[in-house]
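The structure appears below as structure tokens.
Reckoned from all heavy atoms, side chains included, excluding hydrogens, waters and symmetry mates. What you see is a predicted model, and the numbers here were worked out from it, not measured in a lab. Letters A, B, ... mirror the listed sequences (proteins, then strands); counts begin at 1.
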Number of protein chains: 2
Amino acid sequence: MTTTAPGSSGVRLAAETWESLFRSQVAVMRRLQAGQAFKKLPIKEYDVLFTLSRCPTGKLRLNEINDHVLLSQSSLSRLVERLEKRGLVERSTAPDDGRGILLGLTPAGQELQKEIGREHVRDIAELVAPALTADEQRELLRLTQKLQAFVASK
Amino acid sequence: MTTTAPGSSGVRLAAETWESLFRSQVAVMRRLQAGQAFKKLPIKEYDVLFTLSRCPTGKLRLNEINDHVLLSQSSLSRLVERLEKRGLVERSTAPDDGRGILLGLTPAGQELQKEIGREHVRDIAELVAPALTADEQRELLRLTQKLQAFVASK
DNA sequence: CAGTGATACATGCAAATGCATCTATTTTGG
DNA sequence: CCAAAATAGATGCATTTGCATGTATCACTG
């Protein structure tokens, strides 16, 4: 068994852990956002293109995307509206649910996603790879996946 | 030495690690934001009160706070304006730098921070503590601190 | 299968945010 | 010591965001 410091019952550790996870995310995100890549498209909009590009079928429901992103439903609706106006995504009605909207990348959207993605991945690698060993990165990956899985299942 | 998978030279691992860190942060933040505690004060505004409460001197410069938070300088300036209007913080001119502003909590601000903080810490513990063992939390804490330190030093 | 509630997304509107710029102060270099 | 550049923070203004609500479709229940 793992003992905790007397009187804190693990609450303090959890709080410190979250605080550190959050601040590290802020620090990294700040740098990434400043990258040249996001002069072309805000990072939140890029994230939607990226999410679509990762999806096997190439199309996702708006509410599925919403789970991935820290935006209200209405903000995502408008963000997608902007992407559509720029010709980067296409809405289509979901075949099995008349209420739903399926979102997919246009060829221009795919192109822009790849273009920004290349730069973005370089920036990430420059920031993360020298900070942690490969083993540490794998462990961080595992722990954050585990945390995410627990939160999603709750 | 730790070898990387052929052809990916660590770039892929770094990207996956960041992606997972980011998504886990989104998932946890989404839950925390929805907590009862943040009906009283938006989480971003609470974060400023919290940051001030942690500071030994009790006062911080606006630009120091800005480093901690994912907001532009002007947005922070206005956020602080709102906190001031609600009587939660006080601006004072920095003694050693006529351009600077020192920000401190008022008694009401301290009170509200503690009140929200208690609830918030409970929510964090409910979300994080059951997801990871204490050892895993300590390791996640260590890795995110290391990442943050590297980014800050760059 | 009608009626009630839930879900998916859109929209009006007020508030928050960021960019560009402004003022004031400090720092630097000659 | 002075002029030029840098830094801290505030502010005008356009864009983005979220809350509340609206509309349409789906699911459940008796």
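- A salt bridge does not link R61(A) with D67(A): every distance from a Lys NZ or Arg NE/NH1/NH2 to an Asp or Glu carboxylate oxygen is 4.0 Å or more.
- Checked against L147(A) for a side chain to side chain contact (heavy atoms under 4.5 Å, CB included), the options V28(B), L127(B), L21(B) give a single hit: V28(B).
- Under 4.0 angstrom from either OP1 or OP2 of dA10(C) there lies at least one side-chain N or O belonging to R91(A).
- When the nucleotides dG12(C), dG18(C), dA8(C) are ranked by their closest atom to the side chain of R99(A), dA8(C) comes out on top.
- Ring centroid separation for the pair H120(B) and F38(B) comes in under the 6.0 Å cut-off.
- In this structure, R82(B) reaches the sugar-phosphate backbone alone: every heavy-atom distance under 4.0 Å involves primed, P, OP1 or OP2 atoms, never a base.
- Note on R122(A) versus E126(A): no salt bridge recorded, every NZ/NE/NH1/NH2 to OD/OE distance being 4.0 Å or above.
- The CD atom of E45(B) sits 13 Å away from the P atom of dA15(C) (whole-angstrom rounding).
- Nucleotide dA15(C) holds its P atom 14 Å from the CD atom of E81(B), rounded to whole Å.
- At whole-Å resolution of the value, NZ in K85(A) and P in dA10(C) are 12 Å apart.
- At a threshold of 4.0 angstrom between heavy atoms, the contacts of L76(A) with the nucleic acid are absent.
- One interatomic measurement links the two molecules: CG of L79(A) to P of dA10(C), which rounds to 12 Å at whole-angstrom precision.
- By the salt bridge (charged side-chain N to carboxylate O under 4.0 Å, His left out) test, E81(B) pairs with no residue at all, sequence neighbours left out.
- What separates CD of E84(A) from P of dT11(C) is a distance of 11 Å, to the nearest Å.
- Whole-Å rounding puts the R61(A) CZ to dT7(C) P distance at 13 Å.
- Heavy-atom contacts from other residues, nucleotides or ligands closer than 6.0 Å to CZ of R31(B) number more than 12.
- Atom CD of Q73(B) is separated from atom P of dC19(C) by 11 Å (rounded to the nearest Å).
- With sequence neighbours excluded, no residue satisfies side chain to side chain contact (heavy atoms under 4.5 Å, CB included) with T93(A).
- Each of S75(B) and N63(B) was matched to the nucleotide of DNA chain D holding its nearest heavy atom; the match closer to the 5' end belongs to N63(B).
- Atom CG in D96(A) sits roughly 12 Å away from atom P in dA8(C) (whole-Å rounding).
- For DNA chain D, the contact window with chain A, defined by any atom under 4.0 Å from a protein heavy atom, covers dT16(D) to dC26(D) in 5' to 3' order.
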